[in-house]
J.: 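First the structure, which I've put down as structure tokens, then a few questions once you've had a look.
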Amino acid sequence: MSATADALLVFVLMLNFVVLGSGRIRSLIYTVAAQGVALGVLPVLVHPAGLREALVSIGAIVLKSAVIPRMLMRAMADLPVRREVQPLVGFRTSLVLGAVATAASLLLASRLPVLGNTAVRLLVPASFATVLCGFIVLIARVKAITQVLGYLVLENGIFLFGLLLLDAMPFLVEIGVLLDLFVAIFVMGIIINHIHREFSSISTERLSTLRE
Amino acid sequence: MELATIALPLVGALLAFLVRSNHLRPLVLPAFGLAHLAATATTLASGRTRGSLPWLELDPPGRLVLLLVSVIFAACSCYAVAYLRLRSDRPNRVFCVCLLAFLAMMSFITWSHHLGLMWVAIETSTLTSAPLLYFNRTGRSLEATWKYLMVGSVGIALALLGSLFLGYSSLAGGHESTLLFDDLVAHAAQLSKPWLHGAFILLLVGYGTKMGIAPMHTWKPDAYGEAPGLVGALLAGGMTSCAFLAIVRVFHVVVAAGDADFANPLLIGMGLVSMAVAGAFMVRQRDFKRMLAWSSVEHMGILTLALGLGAAGAFGAVLHLVNNGLVKGVMFLSAGNIHRAYESKSTDEVAGALRRLPVSGALFLMGFIAVTGSPPFAPFVSEFAILNAVFAQRRWFVGAGMLVTFLVVFMGMAATVLAVVQGRPSEKAAGTPFHDRVLTIVPPALLMGAVVVLGLCVPAPLRAMVDEVVRYLGYGEGPP
């Protein structure tokens, strides 16, 4: 079990780099969706054979691999915009930053008192690295939709850490977190559409009238 | 009892959704706003603060914030009737539904006794309040909404990670992992320190983003500048107080773990930075609504700093939470009136508010005097208590920093506020149809009345509530 979990976590980490390096929004959406599926399988592997874990798994997979990508694709389809990612920080620099972040996460996790088996051992650094990569995407990409994707990667990292605490989270709260994520992306999608209508662009560079 | 304060506004939201008339719909707001106030008063008077679920409990700071939120919302809901009548050209269904849902979520935050549940409530409150900012449907309000949503969501995501850290600190400390505040406090001494410290930093940054303390305040001037005045009042008086409540609860765990020495310098440092940043941006501020946003950053800084002072500052901090909320209500509602009358919020075009809108102008001026901590108004009492605590602890540099900021803020705000209220209104402004009416001036006037009364004496029931919070934090009685 834990070997599979470890392999999945390595896969998640690799997807972080794909996210940082991809230049097309469409492939970015697919990558984040794939990461969502990999994460969604983990609850069952880490805490085997509970009904609750299975439900959380199914919920996370459906949301992250089907519902959210579809919403984002629809937001894209309505917009006659160029489908390239506009990087504020170049792809190569982003990848280097991602590598530094991953190394730092491994170092940090080795310093913290982490309990448990081998699967869990990689869980903590993978979670930190994914959170940091999400941050890099959020800061280093200009378009509103890429910021949403950065937020999703960040959320994926937190989901990983949440696996350590599956017992403490009441089921309702777990579902509440997923539901909030859904609504957040839904509202962001609506606003992206309005931004487009207002400015004929979904680049946040246009969102700079408000300043001192 | 939690049903009354959480579910009632949700029923109201449903009703607002079902009412088809744009003209009648706003009436749902005061009906449920006042009912919520009544339900809150009954709950607090009955003392039944345990919910039907183990995750719902109204702890002492929760009680105080619930009352504050309820009072501010009641005032704003009455104001909203007049405001939405003026803006009857715009559809208000989304606005009314979101306002009531926002109230439900803020009440939910005060009741949550579980870190995960509280997180869900705070995130949902962000989502329900985002459409409120976009009421004016302009490019500028869109930009403000986007920033509010993105910065807020990322901040809250960090808070979720922090909450998980806190749960894990319990697991790593040899207990079952738990996210219930009671359990965390009960075996606080055994919590694993590195995780606890990480949790506190993440939660402070995360919920600090919602509170709008520097350097996570970037959404605030835009959001408050572009939102309708009553939304500004709800955010600055209600939402930020709920975020502060979240930080107080986490701080409570840290104090119980005997780690106050770790948390206090962080709180004091962030508080000072917020005050300094706010002061710097308030000088020569021409947009009076953005000025209020910076004032909110300053006061959130004061609250954070006061919390970090330990026993001495706790009383002032708790009292200031109430005072700041009420004064922000006065200022945002009266600023909203001035904005409507002049159709501008820049001092380039706004002048002579005392002539154009005698009551709103006077309230705005009084609010300014109160918010800068001048006697005899309530914020003077709490700010004085906080300064007293600073100097009693011989923190000379902190005290000097605070005094300098107070001075800079007073001068900066005075320039803007006096430009707004003094002089003669332009012909364009004299010609707009807006004038002071009962529903646009009575709510802020009542809040101002409360600020005056609290400045003269703190009524016994409120005093008891404040003392309870001080005791909850593990300190003795407040000063007499």
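Naming: A, B, ... by sequence-line order, numbering from 1 per chain.
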J.: Let me check something: any side-chain donor-acceptor pairs from residues 60-70 of chain A under 3.5 Å, sequence neighbours excluded? List them with distances.
T.:
residue: A/Lys64; atom: NZ; partner: A/Asn156; partner atom: OD1; Å: 2.9
residue: A/Ser65; atom: OG; partner: A/Ile61; partner atom: O; Å: 2.6

J.: If you look only at pairs with a residue in residues 168-189 of chain A, which of them pass as a side chain to side chain donor-acceptor pair (under 3.5 Å), with sequence neighbours excluded?
T.: A/Asp180-B/Thr124
J.: Pick one of side chain, backbone, both or neither for A/Leu138, based on which atoms fall under 4.5 Å of a heavy atom in chain B.
T.: side chain
J.: Give the member of A/Leu165, A/Leu181, A/Val183, A/Val131 that has the highest number of heavy-atom pairs under 4.5 Å with chain B.
T.: A/Leu165
J.: Does the side chain to side chain contact (heavy atoms under 4.5 Å, CB included) test come out yes or no for A/Glu155 and B/Leu160, once each step is laid out?
T.: CA-CA 9 Å; A/Glu155 189 80 37; B/Leu160 177 62; 4.0 Å; yes
J.: Tell me, please, which residues at least two apart from A/Phe17 pass side chain to side chain contact (heavy atoms under 4.5 Å, CB included).
T.: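 Listed in chain order: A/Leu95, A/Ala99, A/Thr102.
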J.: Using a cut-off of under 4.5 Å for heavy-atom pairs, which of B/Glu123, B/Arg286, B/Arg137 has the most such pairs with chain A?
T.: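 So the answer, after comparing B/Glu123, B/Arg286, B/Arg137, is B/Glu123.
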J.: For B/Phe165, is it the side chain, the backbone, both, or neither that has a heavy atom closer than 4.5 Å to a heavy atom of chain A?
T.: both
J.: Counting only non-hydrogen atoms closer than 4.5 Å, does A/Phe161 touch chain B with its backbone (N, CA, C, O), its side chain (CB onward), both, or neither?
T.: both
J.: Checking A/Phe135 against chain B: side chain, backbone, both or neither under 4.5 Å from a heavy atom?
T.: side chain
J.: Non-hydrogen contacts under 4.5 angstrom with chain A: give the residues of residues 189-196 of chain B involved, or none if there are none.
T.: B/Ser192, B/Pro194, B/Trp195
J.: What part of A/Leu154 lies closer than 4.5 angstrom to a heavy atom of chain B: side chain, backbone, both or neither?
T.: side chain
